[in-house]
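Numbers restart at 1 for each chain; the letters A, B, ... are given by sequence-line order, proteins then strands.
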Number of protein chains: 2
Amino acid sequence: MTQPKQPAEQSIKVATDAVIFTVRRGELMALLIQMKKVPYTGKWAVPGGIIGQAETTEQAARRILTTQTGVSDAHLEQLATFDDPKRDKLGRVISVAYVALVASEKVILKTTEKYADVRWWPTSKLPALAYDHKDMVAVAVDRLRAKLEYTNVAWSLLPPQFTLTELQEIYEIILGRPVDKRNFRRRVLDLGIVVGTGTKRMGGAHRPAELYAFKRRSMEYIEVL
Amino acid sequence: MTQPKQPAEQSIKVATDAVIFTVRRGELMALLIQMKKVPYTGKWAVPGGIIGQAETTEQAARRILTTQTGVSDAHLEQLATFDDPKRDKLGRVISVAYVALVASEKVILKTTEKYADVRWWPTSKLPALAYDHKDMVAVAVDRLRAKLEYTNVAWSLLPPQFTLTELQEIYEIILGRPVDKRNFRRRVLDLGIVVGTGTKRMGGAHRPAELYAFKRRSMEYIEVL
DNA sequence: TCAAAAGTGTTCCTGTTACACCCATGA
DNA sequence: TCATGGGTGTAACAGGAACACTTTTGA
């Protein structure tokens with residue numbers, strides 16, 4: 001067996017990218033920026049960048065999210081590290097990817113001169129992506145879908161108060177299948193994931209919906225939904 | 001909000017560490033090396049090291065595993081990236097951690113002059129660990145425990161042929177609870193995870209045990225066990 | 001009074017759990 | 001013939017899935 005030796009000096013840059021999701025207009029959307037710099041001009045990408053010397057990757061992800069897109073207060077979770085030596089044509093860069101989840105109401109998009117555009121894209125029809133960002137988004141979607149089933153992550157996609165129908169829609173859209181209304185309500189209530197607030201939302205020519213809140217707005221592992 | 005700026009130059013080293021598990025003597029064991037270099041002299045650590053300029057982290061993990069411990073042909077899976085700026089006293093190093101699983105028969109341990117010792121330690125009583133390796137092992141154990149329940153990973157902890165009792169022991173040891181023999185056998189067979197080979201192992205003053213093999217020796221997602 | 005979404009229970013079915021004895025071998 | 005671990009079926013139970021009508025409001 002040949003023994004590849006360890007190089008005397010290593011010159012690898014460390015970046016972070018955040019796949020930001022929200023649910024909007026009946027779709028799971030990812031936030032992408034359009035690049036200006038060659039050789040990626042016109043391509044879309046997940047927001048990201050090089051981390052600072054004394055920053056954690058998560059701190060860097062938050063900083064970059066804020067400056068590049070205007071998104072703050074997202075729920076962040078480490079996804080995976082992408083490290084193909086050829087993933088960036090301009091040099092060796094490994095990227096620690098995060099999944100970021102936000103309630104769509106919260107977001108006020110902001111552009112910077114560094115990028116041509118910032119937009120939400122439905123995950124079902126993404127544009128051409130730079131780097132390995134296509135894989136990255138795919139892995140992120142899989143992770144989100146899995147976590148939705150055994151955690152209470154959905155809280156991070158909704159405002160503090162919401163109706164059970166809205167919560168159910170989050171599940172249906174992300175899981176990509178219909179969910180039975182009665183069984184769904186029974187479960188989220190029996191499992192103690194959400195609690196009623198007693199207040200109602202009057203809105204439209206129909207019976208008002210009770211507003212609910214998550215019992216805990218932090219990651220919690222639960223039974224199968 | 002203050003805007004921390006991105007540093008002009010970044011000088012961060014990228015390493016990889018592999019938490020190697022096997023099941024042995026009725027315990028889940030992790031392979032650790034004992035360090036010589038200051039300031040970690042005498043401390044134990046998960047095997048790892050700086051990656052090469054053109055290597056992926058997984059390739060580096062395999063290389064390091066082989067040279068530092070003699071373990072080859074392990075099943076490797078990316079775990080998480082550890083990036084606390086202070087995790088290494090000697091400078092900024094982020095580490096992409098892997099979980100490695102091996103059948104205990106396979107392993108012939110090998111020491112190198114770089115380290116004082118290499119040994120299996122029961123995960124229930126680990127020695128003092130360097131860096132953030134205590135957390136790293138804890139995260140790895142959690143991951144392994146979770147994956148055992150919804151994948152066929154156990155294949156990587158067993159030789160090609162094994163008895164159902166041996167398989168059951170893997171589950172009991174890692175999950176830390178007894179498993180009903182009849183229900184266990186029914187499930188692994190009904191789910192088509194393992195198949196009988198027709199051959200039997202004669203060994204001891206008792207009825208011989210049929211040998212089984214995993215249908216697939218690669219990651220597969222299955223129903224709850 | 002009509003349209004629209006909210007809200008609510010029960011039955012059936014499937015999969016999980018609990019459990020105890022006979023079998024084949026080597027000593 | 002005895003000790004040892006290997007191997008097998010069934011009944012009770014719990015949780016999940018399927019399913020349709022009544023309620024409250026605004027127009």
From [atom1] of [X] over to [atom2] of [N], roughly how many Å is that when rounded to an integer?
X	N	atom1	atom2	result
A/Arg187	C/dG9	CZ	P	17 Å
B/Phe184	D/dG9	CZ	P	18 Å
A/Leu175	D/dA17	CG	P	12 Å
A/Leu189	C/dA6	CG	P	15 Å
B/Leu164	D/dG7	CG	C1'	10 Å
B/Asp190	D/dG9	CG	C1'	13 Å
B/Leu211	D/dG6	CG	P	11 Å
A/Gln168	C/dG7	CD	C1'	12 Å

inquiry  = Once you apply a heavy-atom cut-off of 4.0 Å, does A/Thr163 come out as touching a base, just sugar-phosphate, or nothing?
reply    = nothing
For A/Gln68, all residues meeting side chain to side chain donor-acceptor pair (under 3.5 Å), sequence neighbours excluded = A/Tyr115
ask   = By side chain to side chain donor-acceptor pair (under 3.5 Å), which residues pair with B/Thr112, not counting sequence neighbours?
value = none
Polar side-chain atom of B/Asp180 near backbone of B/Asn183 as donor-acceptor pair, under 3.5 Å = yes
task = Establish, with yes or no, whether the OP1 or OP2 oxygen of D/dG5 is under 4.0 angstrom from a side-chain nitrogen or oxygen of B/Thr165.
result = no
inquiry  = Quick one, A/Lys147 with A/Glu77, criterion salt bridge (Lys or Arg N to Asp or Glu O under 4.0 Å). Give me CA distance, side-chain angles, the key distance, then yes/no.
reply    = CA-CA 11 Å; A/Lys147 282 232 157 172; A/Glu77 198 173 321; 2.5 Å; yes
request  = Any chance you could lay out the side chain to side chain donor-acceptor pair (under 3.5 Å) test for B/Thr197 and B/Thr199, step after step, and finish with the verdict?
outcome  = CA-CA 5 Å; B/Thr197 62; B/Thr199 60; 2.9 Å; yes
key: Sugar-phosphate or base contact per nucleotide [nucleotides 19-27 of chain C; S, B, -; heavy atom under 4.0 Å]   = BB--BBBB-
inquiry  = Ring-plane angle category for A/Tyr150 and A/Tyr221, please: parallel below 30°, perpendicular beyond 60°, tilted otherwise.
reply    = parallel
